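Encoded as structure tokens, the structure appears first; notes follow it.
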Amino acid sequence: MSKIPCRLLIVDDQEDILTAGRIFLKQHFSLVRTEINPQRLPELLQKEPYDVILLDMNYTAGATSSREGLDLLQRILEVDPQAVVVMMTAYGDIDLAVQALKLGATDFVVKPWHNEKLLATMTSACKLRQSTSEVQHLRTKQQHLNQTLNEPGVELVGSSPAMQRVYQTLEKVAATDANVLILGENGTGKEVAARLLHRLSHRAKEVFIPVDLGAVTESLFESELFGHVKGSFTDAKEDRAGRFEVASGGTLFLDEIGNLNLPLQAKLLTALQSRVITPVGSNRPRPVNIRLVSATNMPLYEMVKQGRFRQDLLYRINTVEIQLPPLRERKEDIQPLAEHFLANFSKKYQKQNLRLEKPVLQKLLGYSWPGNIRELEHTIERAVIMSEPGHLHPADVYLAEPSNHTAVTIETEATLGNVEKTLVQQALLKHNGNITHASKELGITRTALYRRIEKHGL
């Protein structure tokens, strides 16, 4: 029989108790140590970690108050606040048990013990210690992850007047919990702005949870956002927290909010109004504490007039509205952005001494950047990859501006397949590879678009 990986320390002033406890428990646990002198406890805890401490409550001959054990319990928890301590005494007084538990003890056993009862108690205590350690590990890991995600490198780049107005608004609203709506074309940096807002806020040490609503299907919307309980539907094999619950205490970023249909908008509005969610299959509402940031490239105000977006939801999400300008309206920011990306990708691909020479810069400045910052980033990355060591040439910068206002030219000899391929290519190029937006423009489903991409080898 394999032993439970758990390190135990038994503290008692009676040698026979220590011997009996050690002989029995070492059959079931990986390590069992004993100590007859309780005054050595702080020293022992400094030298070696223990998962569970089995601690007697009375040490002075004739003592029955258990004051000594309670004092030792407090000293243990001062050294290790996460310590799991099981108290034992020959006096099964419920008041003492309650007092010990209030001070931080995990459980209580009475001497002389029954072996089965002692084993069950110590096994449960070991599991508790393991769970506590895992939670602490996850919390520490999440803190490090948050620090990484919110490093100063995660920032908007540019000093144009348009961006200065954006910075000023972000700084003002960051100190509040007001709902923020970020508007802008594809690739203008809406998620980067949302992360910067989170980093500047008082929630910066908590989680930032992004949700791409354009990629969430209607059937999974409630499960993804509000969670579900085991057995609530066919694939619900375990309880799962939704994005609202995971983001509680931090910031929830709902990207592509303009893609939601009216029934889903109603469900979202209900959750935002009450700040209470109910997982699928549950009848127990759960309060959530989130800072909401939403974003879209769609014309929400026009959609309200057309009855495609709820006006009450728009009012709920845009306490403060931030408009990110397209790159063509802030051309003075192209150079600092290009230099920023050049530095990053030069390091990533180990291409040293690459500089943004004047011919390359002129080529970048002469382009309209329909894909905005995202397109510029991809362009610089490709240029770095294609460049010769130490030299970035204009030929390395590939630009292929699509025509947004010119009808597709169809040659007489063109086949239907060629026309279809051309339409798919232009839609993908216009929307920078965004399948949701491209399929919507073409009037087909995402699945149908994927089939055509595969068919034409795109």
Side-chain angles (χ1 to χ4, degrees), residues 153-174 180-197 200 214 253 255-259 293-304 314 317-318 320-344 356 358-383 394 397-406 426-434 436-438 440-441:
V154 182
E155 59 184 347
L156 296 170
V157 176
S159 57
S160 62
M163 289 307 298
Q164 289 297 332
R165 290 191 291 271
V166 171
Y167 298 143
Q168 291 168 6
T169 304
L170 286 172
E171 289 176 0
K172 288 179 181 178
V173 74
V180 176
L181 174 62
I182 304 176
L183 301 174
E185 296 178 6
N186 280 338
T188 50
K190 295 186 288 296
E191 183 170 343
V192 176
R195 289 184 181 276
L196 176 58
L197 179 63
L200 295 173
F253 175 56
D255 198 7
E256 307 290 1
I257 196 169
N259 286 46
V293 181
S294 307
T296 185
N297 67 338
M298 300 181 73
L300 293 187
Y301 292 95
E302 286 299 317
M303 292 172 66
V304 168
L314 179 58
I317 64 177
N318 76 334
V320 176
E321 190 175 295
I322 298 175
Q323 180 78 46
L324 291 183
L327 194 52
R328 63 182 174 275
E329 294 179 6
R330 43 180 289 219
K331 289 210 166 185
E332 57 265 63
D333 291 332
I334 290 177
Q335 181 173 351
L337 280 165
E339 289 175 344
H340 173 76
F341 295 137
L342 182 61
N344 289 345
L356 205 61
K358 188 175 181 180
V360 175
L361 180 59
Q362 287 177 335
K363 188 172 183 179
L364 297 177
L365 292 173
Y367 186 60
S368 64
W369 299 107
N372 294 296
I373 301 171
R374 187 181 298 127
E375 185 182 6
L376 175 60
E377 180 180 15
H378 292 169
T379 298
I380 297 298
E381 181 175 16
R382 182 187 182 280
V397 180
Y398 175 75
L399 302 176
E401 182 172 4
S403 174
N404 293 325
H405 307 290
T406 304
Q426 290 199 348
L428 290 171
L429 188 59
K430 177 179 178 181
H431 295 287
N432 300 298
N434 187 301
T436 299
H437 295 157
K440 183 171 292 186
E441 175 163 318

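Nothing here was measured: the structure is a model prediction, and the numbers come from that model.
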Holding to salt bridge (Lys or Arg N to Asp or Glu O under 4.0 Å), I want the full list of residues that pass it with [X], two or more places apart in sequence or in another chain.
X: E321; answer: none
X: E329; answer: none
X: E185; answer: R328
X: E256; answer: none

Counting only N and O atoms by type, is there a donor-acceptor contact under 3.5 Å from the side chain of [X] to the main-chain atoms of [Y]?
X: K331; Y: L365; result: yes
X: N372; Y: N186; result: yes
X: K363; Y: P394; result: yes

Contacts of [X] that satisfy side chain to side chain contact (heavy atoms under 4.5 Å, CB included) - sequence neighbours left out:
X: E377; value: F341, F345
X: Q362; value: K358
X: A194; value: I182, F208, F253, V293

(request) Only pairs at least two apart or in different chains count here, so list each side chain to side chain donor-acceptor pair (under 3.5 Å) that has a residue in residues 161-173. (result) none
For [X] and [Y], work out which heavy atoms get closest and say how close.
X: P325; Y: T188; result: O-CG2, 3.8 Å
X: L356; Y: A338; result: CD2-CB, 3.7 Å
X: L376; Y: I334; result: CD2-O, 4.1 Å
X: L156; Y: G189; result: CD2-O, 3.9 Å
X: L200; Y: A174; result: CB-CB, 3.6 Å

(request) Assess the side chains of D333 and S160: does a donor N or O sit below 3.5 Å from an acceptor N or O? (result) yes
My understanding is that only residues two or more places apart in sequence, or in another chain, count here; which of them pass side-chain hydrogen bond (donor to acceptor under 3.5 Å, both in side chains) with [X]?
X: T379; result: none
X: D255; result: none
X: E339; result: Q335

In the structure I gave you, are the side-chain heavy atoms of [X] and [Y] within less than 4.5 Å of one another anywhere?
X: L337; Y: L327; value: yes
X: L314; Y: L181; value: yes
X: I380; Y: L364; value: yes
X: L183; Y: I322; value: no

(message) Let me confirm one number: the CD1-NZ distance from I373 to K190, rounded to the nearest 0.5 Å.
(response)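 Nearest 0.5 Å value for the CD1-NZ distance: 9.5 Å.
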(request) Calculate, to the nearest 0.5 Å, the distance between atoms CD1 and CG belonging to I257 and L300 respectively. (result)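 Going from CD1 on I257 over to CG on L300, the span is 7.5 Å.
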